[in-house]
Protein chains: 2
Amino acid sequence: MAKQTAGASHRAAPVHTDPEDVSVLTALSALADPVRIRLIRELADSAVWTRSCGSFDVPVGKAALSHHFSVLRGAGLVEQRDEGPKRVNRLRREEFDARFPGLLDLVLRADDVE
Amino acid sequence: MAKQTAGASHRAAPVHTDPEDVSVLTALSALADPVRIRLIRELADSAVWTRSCGSFDVPVGKAALSHHFSVLRGAGLVEQRDEGPKRVNRLRREEFDARFPGLLDLVLRADDVE
DNA sequence: CCGAGTGTTCGATGAATATCTTACAGTCCG
DNA sequence: CGGACTGTAAGATATTCATCGAACACTCGG
């Protein structure tokens, strides 16, 4: 067998937005949600490309979860890649931080969600 | 006549929240609104205690405006004081920046609102 | 080729909230 | 005191958006 990172997905590739093209308003709106904050925090605590969408501990169904990831992609916060039947994620730390310095750190550092 | 900064208002004093008591989620939610971003930016460009609530160039009625200032107070972003019939404002730069370093700068520095 | 697993899409629902209109409560000036 | 001005409060409306359930699409392993 050759590849296990199956590069030949026939599925619709997820639509990504470059952080450079994201407005402050979009970025803040994406981060102003408790579920998405949890996703980002868990993602930050995991190795890159190791977390599939369904592997997060959030109290919502998979439809809502799919929606949240769509918002995060649209804000340039998350990158996704198909790996077999799963869709694995990566937090775009450097790229997002270059566009909005300190913003991601604020969300990750805070100990409260309230 | 003694004082022109009339400290004896018989009106209900505005309720303020210390930035230290504000959660990240509350802060982000308060900032994730185009009208409130404009208010904050105009406020940042003006001298302290010079802008009354009605003096801002935003496309909403005064009732909605009053609501927005209430949200900004609740997020520890704005301080208000009664001065005669007017209510003048101050951006709590240092205090808010101590709680959320860099966040206010991001909103003020960005050239887009989209 | 079937079945389990994973994620998206669609339509509907419900909650949060931004807004307006109207009414009211103060402050100041004549 | 009465009227102009400033802002708040309350109620109604509308829009946005988070959520769910169900149906669908794709991948992989028997």
Side-chain angles (χ1 to χ4, degrees), chain A residues 1-16 25-26 28-39 49-56 58-75 78-89 113-114, chain B residues 1-16 25-26 28-39 49-56 58-75 78-89 113-114:
Chain A
M1 71 291 285
K3 38 156 47 165
Q4 67 273 46
T5 32
S9 215
H10 286 179
R11 225 179 315 181
V15 181
H16 289 110
L25 186 56
T26 301
L28 293 175
S29 301
L31 292 172
D33 179 282
V35 173
R36 291 194 285 267
I37 287 184
R38 285 192 61 167
L39 292 178
W49 297 127
T50 60
R51 304 295 302 269
S52 69
C53 293
S55 72
F56 291 84
V58 285
V60 295
K62 43 182 204 166
L65 196 53
S66 185
H67 162 68
H68 285 302
F69 274 109
S70 166
V71 173
L72 291 177
R73 282 198 314 269
V78 164
E79 186 181 4
Q80 296 184 315
R81 177 211 294 173
D82 286 338
E83 206 159 284
K86 307 194 173 181
R87 182 159 282 189
V88 290
N89 300 275
V113 180
E114 198 164 322
Chain B
M1 73 291 278
K3 55 232 295 215
Q4 66 274 44
T5 31
S9 215
H10 287 178
R11 224 178 319 180
V15 181
H16 288 110
L25 185 56
T26 302
L28 293 175
S29 301
L31 292 171
D33 179 282
V35 173
R36 290 194 286 266
I37 287 185
R38 285 193 62 169
L39 292 178
W49 298 128
T50 61
R51 305 294 303 268
S52 69
C53 293
S55 73
F56 291 85
V58 286
V60 295
K62 45 181 203 169
L65 197 53
S66 184
H67 162 67
H68 284 302
F69 274 108
S70 166
V71 173
L72 291 178
R73 283 198 313 268
V78 163
E79 185 181 4
Q80 295 185 315
R81 177 211 295 174
D82 286 340
E83 205 160 285
K86 307 195 172 179
R87 183 160 281 191
V88 289
N89 300 275
V113 180
E114 194 167 322

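Chain letters run A, B, ... following the sequence lines, proteins first, then strands; residues in each count from 1.
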Rounded interatomic separation in angstrom, taking [atom1] from [X] and [atom2] from [N]:
X	N	atom1	atom2	result
B:Asp82	C:dA25	CG	P	17 Å
A:Arg81	D:dT27	CZ	P	16 Å
A:Arg38	D:dA18	CZ	C1'	16 Å
B:Asp33	C:dT19	CG	C1'	11 Å
A:His68	D:dC17	NE2	P	13 Å

Problem set entry | With sequence neighbours excluded, residues passing side-chain hydrogen bond (donor to acceptor under 3.5 Å, both in side chains) with A:Thr50 |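 A:Thr50 satisfies side-chain hydrogen bond (donor to acceptor under 3.5 Å, both in side chains) with no other residue.
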For this session: Quick one: list whatever passes side-chain hydrogen bond (donor to acceptor under 3.5 Å, both in side chains) with B:Arg51, sequence neighbours left out.
Result: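 Partners of B:Arg51 by the side-chain hydrogen bond (donor to acceptor under 3.5 Å, both in side chains) criterion, ordered by chain and then number, come out as B:Glu42, B:Ser46, B:Ser55.
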Problem set entry | Minimum heavy-atom distance B:Gly84-B:Arg11, with the two atoms named |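 In terms of heavy atoms, the two residues are closest at O-NH2, 2.8 Å.
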Exercise. Going through the checks in order, is the salt bridge (charged side-chain N to carboxylate O under 4.0 Å, His left out) test met by A:Arg81 and A:Glu83?
Worked result: CA-CA 6 Å; A:Arg81 177 211 294 173; A:Glu83 206 159 284; 3.5 Å; yes
Would you tabulate the side-chain donor-acceptor contacts of residues 66-75 of chain A under 3.5 Å, counting partners in other chains and residues two or more places apart, or write 'none'?
from    : atom 1 : to      : atom 2 : distance (Å)
A:His68 : ND1    : A:Arg36 : NH1    : 3.1
A:Arg73 : NE     : A:Val15 : O      : 3.0
A:Arg73 : NH1    : A:Gln80 : OE1    : 2.5

Exercise. Roughly how far, to the nearest 0.5 Å, is CG of B:Leu28 from CD1 of A:Ile37?
Worked result: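 Result: 6.0 Å between the selected atoms.
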Problem set entry | Contact state string [nucleotides 2-11 of chain D, B base, S sugar-phosphate only, - no protein heavy atom under 4.0 Å] | ----SBBB--
